[in-house]
Amino acid sequence: MTTMEASDVRANSMRAAQELGYATNDQLPLLDNTEVVRSVNEVVDRLLGMYCVAAAAYGFNRESAANWLNANVAGEALTPDERQFLLTGKGPVQEYKFQIEGIWALYWACGLAGSEFSFGSQCPQNFVTRLPDLKTNQDAQSVRAKAALRDVAEVVQMADTAYCIHWAQRQSVLGGQANRQAMPEYVIRERRHALDWLLEGEDWDNIALDT
């Protein structure tokens, strides 16, 4: 992506942020990462791993979640802390619940969600019904068969928009105005984390979310 193209992406991001009522900063550095470095199988695996962890955080049997994941994902889909959580139940339960928004972002990146993916709204309340039913041990084939990564330009644009909005939210927090935010901070943070992971070669836990 050329400097001009990166500038165009940023202009689109700032316009989107302003339309949602967020402050903007034309001094923020432009996005460096402009290629999706994850395969569709890797993204689906991560999506499913996060889904199992979130389900367990909401009360689904941890052992059943781990067994389902082992049967449906051949690669490594969990962080060390997530793996420990499924094993022992110890970990930041609320944070794992919040990850549903990151799952939604990966679901969108796999071409499984359309225009309903918006930074102006949280993930749909029926989102879980679009994922394999863990209670009936439904396999992940339906998700894998439909998944196809979106065009890199779309992913880059969403990642940059998330960055700009996250900056605005952090500024609100620092200014003591977090209660005035149109969207809970975790929604944007979790989506940004997922989108940045698509564009970076770092492990999930090493994705920097500086603003």
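Positions are given from 1 along the sequence.
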When clusters are formed by joining ILVMFWY residues with side-chain heavy atoms under 4.5 Å apart, either directly or through shared neighbours, do [X] and [Y] land in the same one?
X: Leu195; Y: Leu209; answer: yes
X: Met183; Y: Leu20; answer: yes
X: Leu31; Y: Met14; answer: no
X: Met158; Y: Leu28; answer: no
X: Trp167; Y: Ile188; answer: no

Mind checking the [atom1]-[atom2] spacing from [X] to [Y]? Nearest 0.5 Å is all I need.
X: Tyr22; Y: Thr161; atom1: OH; atom2: OG1; value: 12.0 Å
X: Leu149; Y: Leu198; atom1: CG; atom2: CG; value: 7.5 Å
X: Arg150; Y: Cys110; atom1: CZ; atom2: SG; value: 9.5 Å
X: Gln18; Y: Arg15; atom1: CD; atom2: CZ; value: 8.5 Å
X: Glu101; Y: His193; atom1: CD; atom2: NE2; value: 14.5 Å
X: Asn72; Y: Asp45; atom1: CG; atom2: CG; value: 10.0 Å

Mind listing the closest non-hydrogen atom pair of [X] and [Y] along with its distance?
X: Phe85; Y: Gly91; result: CD1-N, 4.2 Å
X: Val36; Y: Val152; result: N-CG2, 3.7 Å
X: Val53; Y: Glu82; result: CG2-CB, 3.8 Å
X: Tyr51; Y: Pro132; result: OH-O, 2.6 Å
X: Ser13; Y: Asp160; result: OG-OD2, 2.6 Å
X: Met50; Y: Gln99; result: CE-O, 3.7 Å

Is there a donor-acceptor pair closer than 3.5 Å between any side-chain N or O of [X] and the backbone N or O of [Y]?
X: Asp203; Y: Asp205; result: no
X: Glu202; Y: Ile207; result: no
X: Arg46; Y: Ala77; result: yes
X: Asn33; Y: Glu200; result: no
X: Glu190; Y: Gly102; result: no

Is any side-chain heavy atom of [Y] closer than 4.5 Å to one of [X]?
X: Val155; Y: Leu199; result: yes
X: Asp133; Y: Thr136; result: yes
X: Glu42; Y: Trp197; result: yes
X: Arg144; Y: Leu48; result: yes
X: Leu30; Y: Val9; result: no

Lys135/Phe60 under side chain to side chain contact (heavy atoms under 4.5 Å, CB included): CA gap, chis, key distance, verdict: CA-CA 8 Å; Lys135 294 180 180 179; Phe60 186 71; 3.9 Å; yes
Residue pairs, two or more places apart or on separate chains, that pass side chain to side chain donor-acceptor pair (under 3.5 Å) and touch residues 52-66: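 Listed by first then second residue: Asn61-Ser64.
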Would you list the atom pairs, donor with acceptor, under 3.5 Å between side chains in residues 122-129 and any protein atom, with sequence neighbours excluded?
| from | atom 1 | to | atom 2 | distance (Å) |
| --- | --- | --- | --- | --- |
| Gln122 | OE1 | Tyr186 | OH | 3.4 |
| Asn126 | OD1 | Arg130 | NH2 | 3.4 |
| Thr129 | OG1 | Asn126 | O | 2.5 |

Parallel, tilted or perpendicular: ring planes of Phe119 versus Phe117, cut at 30 and 60 degrees: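 Perpendicular.
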Evaluation steps, side chain to side chain contact (heavy atoms under 4.5 Å, CB included), between Leu47 and Leu131: CA-CA 10 Å; Leu47 183 162; Leu131 297 170; 3.9 Å; yes
Summary of ring pair (Phe, Tyr, Trp, His ring centres under 6.0 Å) pairs that have at least one residue in residues 136-166, sequence neighbours excluded: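 Listed once each, the pairs would be none.
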Would you call [X] and [Y] a salt bridge, taking side-chain N to carboxylate O under 4.0 Å as the test?
X: Arg191; Y: Asp196; value: no
X: Arg189; Y: Glu95; value: yes
X: Glu76; Y: Arg83; value: yes

